[in-house]
Amino acid sequence: MKIATWNVAGIRARLPNLIKWLKNEQPDIVCLQETKIVNELFPRSMIEGLGYSIACSGQKSFNGVAILAKKSPDETITKLPGDENDEQARFVEAVFSLNKTILRVVSLYCPNGNPTESAKFPYKLNWMERLYQYAKSNLNHEEMLILAGDFNVIPSPVDARYPQQWVKDALFLPQTRQSFFKLCNLGFVDAIRASTDDPSYTFWDFQSGAWAKNNGIRIDHVMLSPRASDILKGTSIQKDLRGWEKPSDHVPVWVHLDLDF
DNA sequence: ATGCCGGGTACGACCCGA
């Protein structure tokens, strides 16, 4: 089976590209971020027409995540535990019962955290700590768990074309990277980094000709629990979508698993 | 460093992203 994560930067603006891409690539599961739409207005019909179930957690204007899948999930969760008052739609989980196994998939949109002197940075770090606690408690089940999405974390200098540009940015500060590595130290595998040493980016800013200059960063990640990393077959970053008409500033990240879906 | 682009909201400029 193949699973992809893609920050679409507005699902309504990206719908033609999303539909074309789904038809071309036939993913089994897709984790979307920055849908920027309430659940009631989610553009269901064309996506369902291609054979996908939809689990979404959205809000007006900002954030919003979804999971599209060729099977219907047995269970859906739309809140990251740890803060009852958190109204931001950044987490959706879908649980799939497969032949003798369970696959748990999360589409997540970690806060950006800039500017770092504002409340946004502690909110980011707190959200990442909540994700860590969630991941840790789920590992006890020894299921296949996939955390896929826009982490807004540049893990290492190799993950930026110009790392010195990011040293004071919330995406690359030591506290942010430590929080990401804490997740890795639970046993989660960064699927792209496990598969290749090549520098490869998932985001290029719309501004300043970042795409033309390949001034990119790798911030969209697929993290595999030990049971899931055991069946990792391969990965890719679908850079060509950044060159399409009306692109998102992010491109899809793909993971292939040795698993029937 | 800021906000050069792009989306959303709403219809005139704002906020937000990374």
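As the structure is a prediction and not an experimental result, all values here were calculated from the model. Residue numbers begin at 1 in each chain, while the letters A, B, ... track the order of the sequences.
- For E48(A), the side chain to side chain donor-acceptor pair (under 3.5 Å) partners are R44(A), not counting sequence neighbours.
- Nucleotides dG3(B) and dA13(B), compared at atom C1', are 15 Å apart to the nearest Å.
- Residue pairs meeting the salt bridge (Lys or Arg N to Asp or Glu O under 4.0 Å) criterion with at least one partner in residues 54-80 of chain A, sequence neighbours excluded, do not occur; the list is empty.
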inquiry  = For a quick check, with a 4.0 angstrom heavy-atom cut-off, what is the B/S/- contact string for nucleotides 2-11 of chain B, read 5' to 3'?
reply    = -BBBSSSSS-
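- Phosphate contact (OP1/OP2 of dA18(B), side-chain N/O of K120(A), threshold under 4.0 Å): absent.
- In this structure, W166(A) places its CH2 atom 13 Å from C1' of dA1(B), rounding to the nearest Å.
- Side-chain rings of W254(A) and W21(A) approach one another, their centers coming within less than 6.0 Å.
- Atom name C1', nucleotides dC11(B) and dG7(B): the rounded distance is 15 Å, in whole Å.
- Summarising the hydrophobic clusters (Ile, Leu, Val, Met, Phe, Trp, Tyr; side-chain heavy atoms under 4.5 Å, direct or chained), the residues clustered with F172(A) are I154(A), W166(A), V167(A), L171(A), F203(A), I217(A), I219(A).
- Rounded to whole Å, the distance from CZ on R177(A) to P on dA18(B) is 19 Å.
- Within the nucleic acid shown, Y109(A) comes within 4.0 Å of sugar-phosphate atoms alone, with no base atom in reach, counting heavy atoms only.
- Look at OH on Y201(A): it is 16 Å from C1' on dA18(B), rounded to the nearest Å.
- Nucleotides dC15(B) and dA10(B), compared at atom C1', are 13 Å apart to the nearest Å.
- Contacts of K168(A) with the nucleic acid, taken as non-hydrogen atoms under 4.0 Å apart, are absent.
- Using a 4.0 Å heavy-atom criterion, one finds that N7(A) contacts the sugar-phosphate atoms exclusively.
- Between dG17(B) and N112(A), no contact under 4.0 Å exists linking OP1 or OP2 to a side-chain N or O.
- Nucleotides dA1(B) and dG12(B) have their P atoms positioned 36 Å apart, rounded to a whole Å.
- Q88(A) has its CD atom 11 Å from the C1' atom of dC16(B), to the nearest Å.
- Applying the 4.0 Å criterion to OP1 and OP2 of dA18(B), one finds that H250(A) has a side-chain N or O inside that range.
- Within the structure, no pair that satisfies the salt bridge (Lys or Arg N to Asp or Glu O under 4.0 Å) test touches residues 3-30 of chain A, not counting sequence neighbours.
- Screening residues 220-244 of chain A for salt bridge (Lys or Arg N to Asp or Glu O under 4.0 Å) gives E142(A)-R227(A) as the qualifying pairs, with residues at least two apart or on separate chains.
- Taking a 4.0 Å limit (strictly below) on heavy-atom distances, residues 148-164 of chain A reaches DNA chain B at D150(A), N152(A).
- Heavy atoms of I217(A) sit under 4.0 angstrom from primed sugar atoms or phosphate atoms, though from no base atom.
- Taking 3.5 Å as the limit, the base of dA18(B) and the side chain of D169(A) contain no donor-acceptor pair of atoms between them.
- T235(A) pairs by the side chain to side chain donor-acceptor pair (under 3.5 Å) definition with S195(A), not counting sequence neighbours.
- A donor atom on one side chain and an acceptor atom on the other are not found under 3.5 Å apart for N99(A) and D260(A).
- Separating the CG atom of D249(A) from the C1' atom of dA18(B) is a distance of 8 Å, rounded to the nearest angstrom.
- The side chain to side chain donor-acceptor pair (under 3.5 Å) test applied to Q207(A) returns no partner, not counting sequence neighbours.
- Across R218(A) and Y201(A), no two heavy atoms sit closer than the pair N-CD2, 4.0 Å.
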